[in-house]
2 protein chains.
Amino acid sequence: MSKEADGGLSALPIASTLHTIPARRLILHPKEWSEFVPIVCSGWAMSSIALPDGRRQVISFLLPGDIVSVGSLLAPLSGHTVEAITEVTYRKFKRQEIKDLLFARSDLLERLFTLWNEAKARADQLALDLGRRRADERIARLILRLSEKVAKRSLVRTQTFDFPLRQRHIADATGLTPVHVSKILGELQRAGMIEISGRSLTILNASELQRVADWR
Amino acid sequence: MSKEADGGLSALPIASTLHTIPARRLILHPKEWSEFVPIVCSGWAMSSIALPDGRRQVISFLLPGDIVSVGSLLAPLSGHTVEAITEVTYRKFKRQEIKDLLFARSDLLERLFTLWNEAKARADQLALDLGRRRADERIARLILRLSEKVAKRSLVRTQTFDFPLRQRHIADATGLTPVHVSKILGELQRAGMIEISGRSLTILNASELQRVADWR
DNA sequence: CGGCCCTTTGACGGACGTCAAATAGCGTGG
DNA sequence: CCACGCTATTTGACGTCCGTCAAAGGGCCG
């Protein structure tokens, strides 16, 4: 996989409009099927699905370069809510223009297939994690995955990175309650594996954290 | 969605070979990336991912007409184990031939995109179920989903249908233990909602079962 | 400065897992 | 056809993990 998470789509010669949205606001409504496809340019967002009673599950966190819903590029796909976590800027592309371009350049189409399969593989792994791993494992894995995702963008791997998630975001990503997330994060910090302060996270003991996460 | 779960692919003029495999045998190894794509012709199979220590999660049950891993049609996708539950017959198509045909007929390609997104949507829903629903909800939903899946194939909706799953299959699909599955199934039966006997299942009280399942 | 959300902590409860034993079913080979 | 052995199912006792509830700070923004 390349270092550009969108497969280079954002660098293509297609018309787009730039938008800015404050934290906590919706970027995509679950019922919406617009003619536009957004790509995140700055900030963090999350894609989730929800039950009528408010329970919800985060499917993926979106960082700069991520296409909001890869699957929606070529065929309708709805039900996902996309919400800004920090302030987010994003670019809206016309779906039809992307589609035309993709079909004109089979190399890009192949890249899209790969991106699509990666998204599916992540969804399957998420199901495995939620069905078969315990709270500390899930949280440690989330931290390590986000650490890798951030590292891929900054091109350097640092122990400390920007971490704007609230504990309720972590809870909705791991199928836990915010209270329990707080307890586990406290344990991980007291054990000297990580440190969270301000809006950034430091991995202090990577190998121990990986052991807890049952990594790879 | 059409009544043919593979979007009509199995009726296409492509060379294929027919295979038969006994229950409990593997159809696709997790490391394998062959040049063939199997489509189930008879019997039940399951697609799952596993951890080294044996814990595993069923991602989908495959019934006649189902393509084994839609995503693998156009780009590599591995990690899934596909195992026969009953005796299974399936047809192996050459990946390259399917690919050529799909690109020659854009109507079929569009159908594939739709199948693709349906698979992704099911994976996301699975994550929501595993992360946010309780045991009885998960099991009731699995039963109702399978009932619909079977009904779509037989073209009639009957209260009783073929149900070859062992409780460990249900456990691996719902993220539970076989013991707990047994308890919940016992409750559902004592409550008069379902009856399981031999290798078939009867839905006795659909509306109650739907209520437990928090259906739709 | 005030209000709101977030985080932390503890006590308690419920859901689900683990362990174990008894029974039933099912396929295989004699 | 029966005997055997394996696997699946059922059930109960008990333990653990995680959720719920509640209260007390802490941080952030108007």
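By convention in this document, chain letters (A, B, ...) are assigned in the order of the sequence lines, proteins followed by strands, and residues within each chain are numbered from 1. This structure is a prediction, so every number in the text was calculated from the model and none was measured.
- In this entry the distance linking CD of A:E195 with P of C:dT7 reads 16 Å, nearest Å.
- Across all strands shown, A:G175 has heavy atoms under 4.0 Å from sugar-phosphate atoms exclusively, and none from any base.
- Of all the residues in residues 123-145 of chain A, A:R134, A:A135 reach under 4.0 Å from DNA chain D with at least one non-hydrogen atom.
- Protein atom NE2 of A:H180 is 14 Å distant from nucleotide atom C1' of C:dT8, rounded to whole Å.
- Side-chain polar atoms of B:T17 and B:H19 form a donor-acceptor pair below 3.5 angstrom.
- One finds no side-chain N or O of B:T177 lying less than 4.0 angstrom from the OP1 or OP2 phosphate oxygen of C:dC16.
- Aromatic pair B:W116/A:F113: ring centres closer than 6.0 Å.
- Spacing between atom CZ of B:F163 and atom P of D:dA8 amounts to 15 Å, rounded to whole angstrom units.
- A:R55 places a side-chain heavy atom less than 4.5 Å from the side chain of B:R133.
- Taking the centre and axis of the six-membered ring of B:W33, the NZ or CZ atom of B:R95 falls inside the cone set by 45° and 6.0 Å.
- D:dA22 atom C1' lies 12 Å from atom NZ of A:K183, rounded to whole Å.
- The side chain of A:S182 lies closest to C:dT9, out of C:dT9, C:dC16, D:dT11.
- If A:P178 and B:V179 are placed on DNA chain C by their nearest nucleotide, the residue sitting closer to the 5' end is A:P178.
- Each of B:R168 and A:L176 was assigned the nucleotide of DNA chain D with the nearest heavy atom; the assignment lying further toward the 5' end belongs to B:R168.
- Residue A:D172 contributes atom CG, which lies 14 Å from atom C1' of C:dC6 at whole-angstrom precision.
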